[in-house]
Amino acid sequence: MLIGGTSHTGKSTVARAVADRLGFDCLPTDGLARHPGRPWPTPQWQVPPDVDDHYRSLSVDELITSVLDHYQRLWPRIEELITTHALAAPNRAGLVLEGSALLPENVANLTVPHTAAVWLTADEGTLSSRMHAASHYDRMPAQGRDPIDKFLARTLRYQKLVRDAVARLGLDHIDTSSGRPPEKLAEAVLAAAAAQDAVGRSVLGAASGDESVNARCATRRR
């Protein structure tokens with residue numbers, strides 16, 4: 001099971017809920033290779049100077065180019081991981097893989113069995129509010145806000161690219177702006193997954209009841 005989308009759409013939380021529901025392992029694509037991440041501190045982490053400089057020194061266009069290049073370099077590893085789990089022995093746990101590196105164009109070309117994909121999206125206001133809350137933006141001095149502003153701008157630009165690709169390719173996506181709890185979003189992801197006959201693409205008229213969704217997803221190795 002693949003869950004893509006930009007930062008702060010709820011991928012990690014929903015992916016864990018889906019994995020718990022199915023008894024699958026859950027992994028983020030961010031753990032496969034390093035790239036400058038969120039440019040604000042947390043109680044457990046301080047922003048390294050190179051990450052701060054990355055967002056201060058590059059334009060939004062350059063930031064987008066940098067992250068897309070990173071995702072393309074990472075794709076062979078992602079594809080290998082997906083294929084390994086899809087073709088694994090029946091007694092091996094399935095996988096929920098989540099991350100922004102799941103580019104729609106790459107995922108849509110997958111032909112491996114037992115694999116589904118859904119992208120999470122949110123409106124710009126929701127993404128901005130979530131990011132400002134997570135970074136404690138209102139408490140930041142003006143200088144400290146600059147990297148966050150750049151990260152947000154890159155996030156919004158990246159989501160537009162994802163939305164355009166999803167629409168063009170006819171892929172499944174779920175809007176998380178309404179604030180539905182993770183359990184409800186997980187149900188929506190599972191329903192979409194159960195209805196797909198190709199990676200990321202649902203079949204009209206496929207079963208969508210909870211019992212049918214759970215039964216069909218439990219037989220897949222994602």
Side-chain angles (χ1 to χ4, degrees), residues 3-17 19 26-75 77-78 96-104 118-166 173-186:
I3 301 178
T6 196
S7 178
H8 286 78
T9 54
K11 298 184 305 298
S12 299
T13 303
V14 173
R16 286 193 295 269
C26 185
L27 293 175
T29 59
D30 287 349
L32 299 178
R34 291 184 60 191
H35 190 267
R38 300 174 183 181
W40 58 82
T42 69
Q44 296 79 30
W45 185 75
Q46 292 297 313
V47 180
D50 62 306
V51 172
D52 185 75
D53 182 66
H54 178 77
Y55 291 101
R56 292 184 185 277
S57 63
L58 298 182
S59 68
V60 176
D61 287 343
E62 290 169 330
L63 290 172
I64 280 288
T65 298
S66 174
V67 77
L68 289 177
D69 287 347
H70 170 68
Y71 292 158
Q72 291 292 7
R73 289 193 301 271
L74 189 56
W75 177 247
R77 294 184 61 187
I78 294 174
V96 177
L97 182 66
E98 60 87 6
S100 299
L102 295 169
L103 295 173
V118 178
W119 283 264
L120 303 186
T121 63
D123 62 54
E124 292 190 2
T126 297
L127 290 177
S128 298
S129 295
R130 290 174 180 173
M131 198 171 297
H132 285 174
S135 63
H136 301 291
Y137 187 85
D138 292 341
R139 304 181 202 168
M140 287 266 185
Q143 184 178 9
R145 294 178 179 182
D146 292 343
I148 300 171
D149 291 338
K150 286 279 193 71
F151 183 86
L152 175 58
R154 189 196 76 176
T155 295
L156 297 178
R157 182 82 63 86
Y158 178 70
Q159 172 162 264
K160 185 179 187 307
L161 296 176
V162 168
R163 279 182 158 168
D164 289 349
V166 163
H173 70 282
I174 296 169
D175 191 289
T176 67
S177 304
S178 63
R180 280 182 290 174
E183 294 76 14
K184 292 297 183 182
L185 289 170

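For the single chain, residues carry numbers from 1 onward in sequence order. This is a predicted model, so every value here is computed, not measured.
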Q: Between NZ of K11 and OG1 of T6, what distance do you get to the nearest 0.5 Å?
A: 6.0 Å
Q: Show your working on side-chain contact (heavy atoms from CB on, under 4.5 Å) between T176 and L185 and close with a plain yes or no.
A: CA-CA 8 Å; T176 67; L185 289 170; 4.0 Å; yes
Q: Would you kindly say whether S12 and E98 are connected by a side-chain donor-acceptor distance under 3.5 Å?
A: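 There is such a pair between these side chains.
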Q: Tell me the salt bridge (charged side-chain N to carboxylate O under 4.0 Å, His left out) pairs involving residues 148-166, sequence neighbours left out?
A: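 Applying salt bridge (charged side-chain N to carboxylate O under 4.0 Å, His left out) to every pair that reaches into residues 148-166, excluding sequence neighbours, yields D61-R157, K160-D164, R163-D175.
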Q: Could you pull out the closest heavy-atom pair between Y55 and P39, with the gap in Å?
A: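 Where Y55 meets P39 most closely, the heavy atoms are CD1-CB, 3.7 Å.
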Q: Out of curiosity, L32 CG to L97 CG, how far, rounded to the nearest 0.5 Å?
A: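 Interatomic distance, L32 CG to L97 CG, rounded to 0.5 Å: 7.0 Å.
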Q: Please determine, by modelled atom types, if T155 and R130 share a side-chain donor-acceptor pair under 3.5 angstrom.
A: no
Q: Taking ring pair (Phe, Tyr, Trp, His ring centres under 6.0 Å) as the test, write out the residues that go with H173, two or more places apart.
A: none
Q: Hey, could you give me the CG/CG distance between L68 and L103, rounded to the nearest 0.5 Å?
A: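 Reported to 0.5 Å precision, the distance equals 6.5 Å.
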Q: Quick check: do P36 and D50 have side-chain heavy atoms less than 4.5 Å from each other?
A: no
Q: Please enumerate all residues that pass side chain to side chain contact (heavy atoms under 4.5 Å, CB included) together with A134, with sequence neighbours excluded.
A: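 So A134 forms a side chain to side chain contact (heavy atoms under 4.5 Å, CB included) with H8, W40.
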Q: Taking all atoms of both residues into account, what is the closest heavy-atom pair of S100 and S7, and its distance?
A: OG-N, 3.9 Å
Q: On a heavy-atom basis, which atom in I3 and which in A15 lie closest, and how many Å separate them?
A: CD1-CA, 3.7 Å
Q: For residues P182 and T13, report the shortest heavy-atom separation together with the two atoms involved.
A: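 Looks like CG-CG2, 3.4 Å.
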Q: Looking only at heavy atoms, what is the nearest atom pair of H54 and S66, with distance?
A: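 Taking H54 first and S66 second, the nearest heavy atoms are CE1-OG, 3.6 Å.
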Q: Only counting residues at least two apart or in another chain, list the ones meeting side chain to side chain contact (heavy atoms under 4.5 Å, CB included) with A101.
A: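 With sequence neighbours excluded, A101 shows a side chain to side chain contact (heavy atoms under 4.5 Å, CB included) to T29, Y71, L74, I78, given in chain and number order.
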Q: Restricting to non-hydrogen atoms, name the atom on L120 and the atom on T9 that form the minimum distance, rounded to 0.1 Å.
A: O-CG2, 3.6 Å
Q: With sequence neighbours left out, write down each residue that passes side chain to side chain contact (heavy atoms under 4.5 Å, CB included) with R73, or none if nothing qualifies.
A: D69, H70
Q: Evaluate the side-chain proximity of M131 to Y137: yes if any heavy-atom separation is below 4.5 Å, no if none is.
A: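 Y137 does not reach M131 side chain to side chain.
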Q: Is the Lys NZ or Arg CZ of R38 less than 6.0 Å from the centre of F151's six-membered ring, within 45° of the axis?
A: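 Negative - R38 is either too far from the ring of F151 or too far off its axis.
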Q: Does CD belonging to E124 count more than 12 external heavy atoms closer than 6.0 Å?
A: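 No, not enclosed.
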Q: Holding to side chain to side chain contact (heavy atoms under 4.5 Å, CB included), I want the full list of residues that pass it with R56, two or more places apart in sequence or in another chain.
A: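 Only D52, Q143, D146, P147 meet the side chain to side chain contact (heavy atoms under 4.5 Å, CB included) criterion with R56.
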Q: Atom CG of L156 and atom CG of L161: how far apart are they, to the nearest 0.5 Å?
A: 11.0 Å
